[in-house]
Structures are given as structure tokens and as C-alpha cells.
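So the structure is just underneath, and the comments pick up after that.
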Amino acid sequence: MTTDRLYLDHAATTPICAAAREAVSEAMARWANPSSPHAEGRAAKAALEEARERVKTAIGWDGELLFTSGASEAIGLALRGFDSVASAVEHDAVLAAVGQESRLRVDENGTVQLPSIASNRRYAIQQANNETGIIQPLATLGAEIRNGGGLLFADCSQALGKLPLPDADVLVFSGHKFGAPPGVGAL
């Protein structure tokens, strides 16, 4: 019998990978405020923008990228204060941001069922569910949402690095799901 522990909860969080640990260590050596005009501040700003471009390239995203403290913060920024609805099987942070009365039904397989689409409404749908494993058909759902004038918000926290990014209007992810330290996410 082996004494090595087998970790089977990668859907919750993953160990920090060596490259991420090294990048964090290098960034901590640049302690300057990236908003400051002095040389150290400009160097920190350049490092921040380089990191942003590296992440965008790594995930194949050509839109804007806002670093956050995690997916929960990104979700709040993207959904709170907007006309938003979410599937009944979303992460608690999504459900809290859209409110109790704003739920989309799912069928017996866990696939989101869309009602008539409201123009300018944000439809929050996970790309992949960490509990059931279902992968939502975001290409189909996104086309329906856009045809109705809505916006697709995709929580890609469980799928980033495992599945191609969906064609969505807004994406969020959490770094600790794929080797980054806790407290790192993006919108």
C-alpha cells in the first residue's frame, strides 16, 4: 500500500504549477505601484501589461482582459446591476449576482432551456459544471441569445485549459482551477 496521497478534487482547485509560482515570485520582486509615473512604477506597469498579453495569448482571447481577485469578483462585476438571468445550476456567485427570481430552467440532463430572449439581457451560463460534468452547448445557446438581442455571459472557470473558449460576449475564469494561485481571476 502506498502512502502517497492521490488528489482527486481538481474541479475545486489545483496545485500551483511551477511556472505560476515563479511568475508570482518575480512579480513580488517588483513591488512598485503600476500607476506611479516613476521608473519603478512604469516597469511594474509594463510587467502587468505583458502578463495581460501573455494570458490573452495563452487562452486565445483577443478582447479586453481585466484581472480580478477570482471568478467571484469577475462575476459580480459582469452581472450585478445589469438585467441578468442565470441557469438554476450555476455557481453560487452567479446566482447571488442575478437574484433569486432570475433563473433559467434546465432539462433532465442539466442542459439550459432558454425562454424567449430579452434584448440587452445577460444570460449567464457555465461552460462546464463542476458537479455534474455537463458541458453546455454554448454555440447553440449563444446563437439563440444573440439572435434575440441578448448577451452571453460564460463562466469558463471549470473549462479553461480543457475546452476551447466559447464565442461569448463576456467570459470569466478563476486561475486556481488550472495551476495559478488562489486569488487570481479574470473578466
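Position 1 is the first residue of the sequence; numbering continues from there.
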Which atom of Leu114 lies closest to which atom of Ile145, heavy atoms considered: CD1-CG1, 3.8 Å

So which heavy atom on Ala154 is nearest to which on Ala168, and how close? CB-CB, 3.9 Å

Do you know which two heavy atoms are closest between Ala93 and Ile75, and how far apart they sit? O-CG2, 3.6 Å

Donor-acceptor side-chain pairing of Ser87 and Glu90 below 3.5 angstrom: yes

Residues Arg146 and Asp169 bridged, charged N to O under 4.0 Å: yes

For Glu40, what residues pass the salt bridge (Lys or Arg N to Asp or Glu O under 4.0 Å) criterion, not counting sequence neighbours? none

Spatial distance of atom CG (Leu171) from atom CH2 (Trp61) [nearest 0.5 Å]: 4.0 Å

Is the number of heavy atoms from other residues, nucleotides or ligands within 6.0 Å of CZ (Arg21) greater than 12? yes

Are any non-hydrogen side-chain atoms of Pro166 and Cys156 less than 4.5 angstrom apart? yes

Between OG on residue Ser102 and CG on residue Asp83, distance to nearest 0.5 Å: 7.5 Å

Is it the case that one hydrophobic cluster holds both Leu66 and Val172, taking links as side-chain heavy atoms less than 4.5 Å apart, direct or via other members? yes

Separation of Gln136 CD from Leu152 CG (nearest 0.5 Å): 10.5 Å

Can you hop from Leu104 to Val89 via hydrophobic side chains spaced under 4.5 Å? yes

List for me each residue that meets ring pair (Phe, Tyr, Trp, His ring centres under 6.0 Å) alongside Phe153, sequence neighbours excluded, and say none if there are none. none

Verdict with supporting geometry, Gln158 and Gln127, side-chain contact (heavy atoms from CB on, under 4.5 Å): CA-CA 7 Å; Gln158 294 298 330; Gln127 186 176 17; over 6 Å; no

Is it the case that over 12 heavy atoms from other parts of the model lie below 6.0 angstrom from the CG atom of Asp9? yes

Side-chain touch Pro182/Ile16, heavy atoms, less than 4.5 angstrom: yes

Single-linkage hydrophobic cluster, 4.5 Å side-chain cutoff, Leu79 and Leu187 together: yes

May I ask you to test the Glu49-Pro34 pair for a side-chain heavy-atom distance under 4.5 Å? no

Does Lys56 have more than 12 heavy atoms from other residues, nucleotides or ligands lying within 6.0 Å of its NZ? yes

Quiz question: by atom type and distance under 3.5 Å, do the side chains of Ser157 and Asp155 form a donor-acceptor pair? yes

Supply the atom-to-atom distance Ile59 CD1 to Phe178 CZ, rounded to the nearest 0.5 angstrom. 7.5 Å

Hydrophobic cluster identity match, Val106 and Tyr123, side-chain contacts under 4.5 Å: yes

Any chance CG of Asn109 has more than 12 other-residue heavy atoms, nucleotides or ligands included, within less than 6.0 Å? yes

Just wondering, do Leu138 and Ile125 contact through their side chains at under 4.5 Å, heavy atoms? yes

Which atoms form the tightest heavy-atom contact between Ala20 and Ala180, and what is the distance? CB-CA, 4.1 Å

Heavy-atom check, side chain of Lys177 versus side chain of Leu160, under 4.5 Å: no

If every non-hydrogen atom of His10 is compared with every non-hydrogen atom of Thr14, which pair is closest and at what distance? ND1-CG2, 3.2 Å

Distance check, rounded to the nearest 0.5 Å: Arg52 atom CZ versus Glu64 atom CD? 8.0 Å

Taking every non-hydrogen atom, the tightest pair across Ala186 and Leu65: CB-CD1, 3.6 Å

Please say yes or no: joined through hydrophobic side-chain contacts below 4.5 Å, possibly via intermediate residues, are Phe82 and Ile117 part of one cluster? no

Donor-acceptor pair, Arg121 side chain versus Ser84 backbone, under 3.5 Å? no

